[in-house]
Number of protein chains: 2
Amino acid sequence: MKIQQPRRSRIQNKNRNVILDAALQEFSARGFSGTTIDQIADAAGLSKPNVLYYFPSKEAIYRGLLVGLLDLWLAPLRELDAEGDPVEQILGYVRRKLLLSRDYPNESRLFASEVLHGAPHMTEVLSEDLHDLVAEKVSIIAGWTASGRIAEVDPHHLIFSIWALTQHYADFDVQVRAVMGEGPDPYAGAMIFLEHLFRRMLAP
Amino acid sequence: MKIQQPRRSRIQNKNRNVILDAALQEFSARGFSGTTIDQIADAAGLSKPNVLYYFPSKEAIYRGLLVGLLDLWLAPLRELDAEGDPVEQILGYVRRKLLLSRDYPNESRLFASEVLHGAPHMTEVLSEDLHDLVAEKVSIIAGWTASGRIAEVDPHHLIFSIWALTQHYADFDVQVRAVMGEGPDPYAGAMIFLEHLFRRMLAP
DNA sequence: GTCTATAGCTTGATAGAC
DNA sequence: GTCTATCAAGCTATAGAC
């Protein structure tokens, strides 16, 4: 179902985007309740009432962020192709998802925080859009295991493992850095590790 | 460094524990800022001023929770034994950690929320206690890879993978259930999947 | 130890001048 | 469209009776 987009002037769109960028920064760092409109306004370089001129409420900013980022977030899984080589398809998905964590850590933490607290703003999205997309890809993977082209693994848990392993580096970034200390970018080592892991796990 | 424990009467300890249990429930569900002392008081069956009779502030309750749960949280890793069979030691750790997620999901989400938001109350714990414990176990695992008893994997990333894969089922429980629908307990399938995964990954 | 009442502050949201 | 000023609600924490 398409939602009617209200028409907006150039300056409206620009300021709306400035606010959304600032809100992403603040919400991902301190959560919904931990963030004040004043902090968002400061980060956006606007006054608090001006922020509320573009969005009717703090909640509206938050919801606007979530829905605006959903496509970005589901894109890597959508690309999984039933016609490709199974192992390479899954490894490609792993790579895309890891790069998403590396390049969009705030977006990752925003979604993580939302889901962690029971996804009060995303319940229907999870049980509809996400559920259906996963169901489609699960049946592709189930076909690959049934025909023996990859090892017999539960497709749901395979997908969960990809989410968990890739998002960990963005969501728990502080912990990763505290444990590894000052060193090279964790993502390089992570990719080598994950490639080993998934090739071994999936070999027929 | 040992911290001096203040002496407390039986009723004091009982009420402190009631409050901490209630606080765990509330903080893990809505985060620190999203939780009010009133909600904690209600869940504990006490009045708000009475809660603040046992703890000087909301922050003190939160910190008391975190430090009180730390030992529980690190216990499974402490048990990893250099003298045991490498694969079985690592699989044992995976099992213990998965059971911890299943049996203590609120504790898992409390830590996850704290780390996700930059661990403002746990910075020193992460870079000291956790860092040192992990360093010790990393060197054990490094010994196993060097002697060829398990495959050559980066020990840090191996530990991260165990954390990520096990905690995912507790922390993102809503998402797991939304995707899998009404069905059997996800943890049974998870354990089968993880056993396959780690045996394949670690085989020399 | 436990309660009622409330002080004092922060915050989301609005009014209204420009 | 943007601002200053401000309202009204909700919150942490305390005072003080019992």
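All heavy atoms count here, side chains included; hydrogens, waters and symmetry mates do not. Residue numbers begin at 1 in each chain, while the letters A, B, ... track the order of the sequences.
- Proximity of A:T35 to the phosphate of C:dT11: no side-chain N or O atom is located under 4.0 Å from OP1 or OP2.
- Residue-level contact check: A:Y54 touches the backbone only, with heavy atoms under 4.0 Å from sugar-phosphate atoms and none from bases.
- Here the C1' atom of nucleotide C:dT11 and the CD atom of A:E59 are 15 Å apart, to the nearest Å.
- Atom CG of B:L46 is separated from atom P of C:dG1 by 12 Å (rounded to the nearest Å).
- Of the candidate nucleotides D:dT12, C:dA13, D:dG1, D:dG1 has the atom nearest to the side chain of A:I11.
- Within the 3.5 Å criterion, the main-chain N or O of A:I162 finds no donor-acceptor partner in the side chain of A:K97.
- Here B:S33 lies out of heavy-atom contact (under 4.0 Å) with every strand.
- In this structure, B:D42 atom CG and D:dC11 atom C1' are separated by 14 Å, rounded to whole Å.
- Side chain of B:K58, nearest nucleotide from D:dA13, C:dG12, D:dT2: D:dA13.
- Regarding A:Y53, its OH atom lies at a distance of 17 Å from the P atom of D:dT4, rounded to whole Å.
- In terms of phosphate contacts, B:S47 brings no side-chain nitrogen or oxygen within less than 4.0 Å of OP1 or OP2 of C:dT2.
- The CG-P distance, from B:D38 to D:dG10, rounds to 12 Å in whole Å.
- In this structure, a donor-acceptor pair under 3.5 Å is absent between the side chains of B:Q167 and A:H168.
- Taking atom CD1 of residue A:I19 and atom P of nucleotide C:dA13, one finds them 14 Å apart after rounding to whole Å.
- Residues B:L72 and B:P76 approach most closely at O-CD, 3.6 Å, considering heavy atoms.
- Across all strands, A:L52 comes closer than 4.0 Å to base atoms (heavy-atom distances).
- In this structure, A:K14 atom NZ and D:dG1 atom C1' are separated by 12 Å, rounded to whole Å.
- Using a 3.5 Å distance cut-off with no hydrogens or angles, the side chains of B:N13 and B:R16 do not pair a donor with an acceptor.
- Phosphate contact (OP1/OP2 of C:dT4, side-chain N/O of B:N50, threshold under 4.0 Å): absent.
- Comparing C:dA13, D:dT12, C:dC3 by their nearest atom to the side chain of B:P49 picks out C:dC3.
- Between B:K48 atom NZ and D:dT12 atom C1' there is a gap of 7 Å when expressed in whole angstrom units.
- Closest to the A:Q12 side chain, of the nucleotides D:dG1, D:dA13, C:dG1, is D:dG1.
- Just one of A:I141, A:V134, A:I150 meets the side chain to side chain contact (heavy atoms under 4.5 Å, CB included) condition when paired with A:P155; it is A:I141.
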